[in-house]
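The chains referred to below are lettered A, B, ... by the order of the sequence lines, with proteins before strands, and numbering in each begins at 1.
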Amino acid sequence: MKRNLFEKVWEAHSAGRLSSGSTQLVVGTHLIHEVTSPQAFGMLRELGLGLRCPERTFATVDHIVPTNEQSEPFSDPLADEMIRELRRNCKDFGITFFDLPTGKQGIVHIVGPELGITQPGTTIACGDSHTSTHGAFGAIAFGIGTTQVRDVLATQTIAMNKLKVRRINVNGYLAPGVYAKDVILHIIRTLGVKGGIGFAYEYGGEVFERFTMEERMTVCNMSIEGAARCGYVNPDETTFEYLKGRPYCPAGEDWEEAVARWRSMASDAGCFYDDVVEIDACDIGPTVTWGIHPGQAVFIDENIPDPDSLVDGDRETAQEAIVHMKLAAGQPIAGTPIDVAFIGSCTNGRLSDLQEAARFLQGRQVSPGVKAIVVPGSQLVGALAEKQGLDEIYRQAGFERRSAGCSMCLAMNPDKLVGDQLCASTSNRNFKGRQGSPTGRTMLMSPLMVAAAAVTGKISDAREVFGVTNGASV
Amino acid sequence: MALAKITEITGCGIHLPGDDVDTDRIIPARYLKCVTFDGLGEFAFYDERFDGEGREKPHPMNEEQFKHASILLVGSNFGCGSSREHAPQSLYRFGIRAVLGVSFAEIFYGNSLQLGMPCLTLAKEAIEKIATAMKQNPETQIRVDIAAKAVTCQGEVFPAGLPEGSQSSLVEGRWDPIGELLDNGGGVDRVIGSLPYMN
Ligand code: SF4
């Protein structure tokens with residue numbers, strides 16, 4: 001029988017049916033960080049349980065690490081307590097920890113792939129909703145709650161219900177200046193922020209075939225913003241080429257065997273999908289969010305919608321969004337003044353993101369009055385960026401270059417918006433208060449669009465600002 | 001593990017209107033800086049309940065008559081966004097024991113169930129009717145019958161949605177599956193043994 005990747009992985013990892021009807025699913029790889037794991041270890045200790053597979057759990061620290069002054073103890077005592085707690089738990093339970101001094105620390109969804117821990121045909125869980133990122137490798141990867149983190153630690157399994165699979169084809173060519181970030185913002189805008197409830201998204205089509213692994217990760221990362229608990233791309237030569245030689249990948253004779261196995265996990269041609277959606281790449285433009293959820297987005301040359309023109313349900317949220325964002329309905333999004341520019345996060349904090357924005361920032365200056373920061377997603381990304389001279393380009397342009405971490409994606413470290421500052425951000429969530437100030441405002445976009453906003457001081461069409469004619473990678 | 005059998009939840013309600021309420025709103029990230037869930041109840045919806053100086057803003061959860069509510073009424077896609085279990089934990093610690101909404105985000109739904117705080121779906125009109133009743137009299141009792149998948153308020157019975165598996169795990173006291181997960185060690189060993197990358 002022809003099966004899709006989700007079904008193959010699900011069947012290979014099913015350990016039985018629970019009395020509730022849910023499946024007991026084996027979690028092959030478990031990633032943990034400091035925010036959602038301490039309570040789980042507390043529960044383990046309370047129950048007197050040990051770890052089922054300590055060698056299949058990997059830890060790093062990302063949300064609370066300060067990105068400028070990293071000497072310890074951290075100035076925030078709560079943050080300091082959290083990193084110490086994670087160290088203690090990893091030590092007590094024998095877990096590999098990519099801690100600050102290792103040179104491998106970073107955002108959990110950047111560290112897993114770059115070290116080759118993330119592999120095709122596997123199941124990956126992490127107490128973090130953006131675990132969907134790892135689906136770029138053809139893994140079934142999803143976020144879980146803290147009690148489930150406990151379940152994985154204790155049993156290497158969780159109780160889960162099977163998802164339906166929606167295939168999303170993006171065919172044709174993306175125009176210059178249109179990036180993976182625009183593709184996923186467009187998908188969310190098209191299918192809605194609730195559209196993916198109950199689904200795994202399988203991304204495919206010519207655009208995904210041409211995409212690099214980093215571009216695939218950007219798209220899979222935001223699957224959860226469209227309510228799909230996981231999103232994936234079938235593994236192919238691009239996947240294998242990326243993984244070859246990475247520290248946690250099979251090597252030597254084992255490599256060929258692993259590739260054969262991975263290849264066999266890809267969806268069979270002509271397999272069944274619960275739903276299929278077709279998107280034409282040439283319909284996608286540089287996209288910017290104007291609201292308080294990632295589905296409230298328009299192309300850079302469009303106007304902010306008038307809530308009255310929207311259907312019931314969307315209208316109320318749009319009204320709330322317009323008030324919070326202090327925008328005028330019906331006005332062009334371009335020209336909205338910004339205060340802060342942020343390049344980083346698990347969506348767009350990888351080397352190619354930093355390279356692409358730097359390519360155009362060379363010789364340009366951040367507009368006076370704009371605070372601009374660039375934060376590599378991991379220490380390894382930071383080291384490569386420095387080696388390639390990107391740091392210097394960013395510094396000369398007036399960006400502050402920070403150390404690896406989640407930084408301004410969310411408000412758990414010193415990088416925060418103040419008052420009602422408006423931030424042009426490459427991160428993934430524009431929820432009210434997400435970036436640290438309850439009245440702060442976030443607009444999501446691609447790294448190049450953030451760079452354009454930084455140099456002009458307002459939301460701008462990067463294609464015009466930088467004269468992009470061949471900027472897109474596909 | 002012996003768990004309570006949750007067959008029925010009765011109490012007063014509290015209505016938080018609006019769709020797509022995300023977990024950053026339920027509990028702002030700065031309150032995730034903790035190593036236990038204790039005390040999170042005070043931070044539920046913090047930025048909507050308090051201003052920058054910690055002064056109360058008008059919000060149902062600040063109103064005396066709703067402070068002992070145990071049933072939360074919400075809109076659609078409630079709990080979207082982050083997987084933080086801190087969100088349902090903060091509501092539970094505020095005193096909420098069941099959530100009634102038009103629809104829920106998946107991770108939030110699962111986190112809540114595993115805590116013994118079921119989320120049931122109700123038609124929008126039903127939520128509005130119950131909300132109106134509560135507005136008129138905050139002492140109005142709402143009865144959530146898990147076994148019958150029904151919500152009763154002022155004599156009117158509204159059919160509620162709850163997946164079969166969730167329902168049975170609640171009424172039979174198996175809503176936290178850890179016991180069953182631990183029991184099937186052999187099945188798990190077999191699967192792990194068959195997966196080259198895990199060995
Ligand atoms: S970068 Fe943002 S979305 Fe990604 S893990 Fe960190 S806080 Fe979460």
In terms of ring plane angle, is the pair Phe108(B) and Phe104(B) parallel, tilted or perpendicular, where the classes change at 30° and 60°? parallel

Heavy-atom distances under 4.5 Å only: say whether Asp189(B) touches chain A with side chain, backbone, both or neither. both

Please state whether the side chain, the backbone, both or neither of Ser82(B) comes within less than 4.5 Å of a heavy atom of chain A. both

Working to the nearest 0.5 Å, report the span between CG of Asp176(B) and CD of Gln114(B). 5.0 Å

Would the number of heavy atoms belonging to other residues, nucleotides or ligands and lying under 6.0 Å from NZ of Lys149(B) be above 12? yes

Please check if any side-chain donor atom of Glu180(B) sits under 3.5 Å from a side-chain acceptor atom of Ser19(A), or the reverse. yes

Let me know if Leu195(B) has heavy atoms under 4.5 Å from chain A in its side chain, its backbone, both or neither. side chain

The interface call for Ser14(A) against chain B, heavy-atom contacts under 4.5 Å, is backbone

Comparing Asp20(B), Asn111(B), Asp22(B) against chain A, the one with the most heavy-atom pairs below 4.5 Å turns out to be Asp22(B)

Considering only heavy atoms, which portion of Arg190(B) lies under 4.5 Å from any heavy atom of chain A: side chain, backbone, both, or neither? neither

Report which part of Pro28(B) has an atom under 4.5 Å of a heavy atom belonging to chain A: side chain, backbone, both, or neither. neither

Grab the two heavy atoms, one from Arg229(A) and one from Ile224(A), that are nearest each other, plus how far apart they are. CA-CD1, 4.1 Å

Under a 4.5 Å cutoff for heavy-atom pairs, which residue among Ile107(B), Asp19(B), Leu115(B), Asp183(B) has the most contacts with chain A? Ile107(B)

With a 4.0 Å cut-off, would you call Arg84(B) and Asp24(B) a salt bridge? yes

Could you tell me whether the side chain of Ser83(B) and the main chain of Gly145(A) form a donor-acceptor pair under 3.5 Å? no

Tyr31(B) versus chain A, the contacting section by heavy-atom distance below 4.5 Å: neither

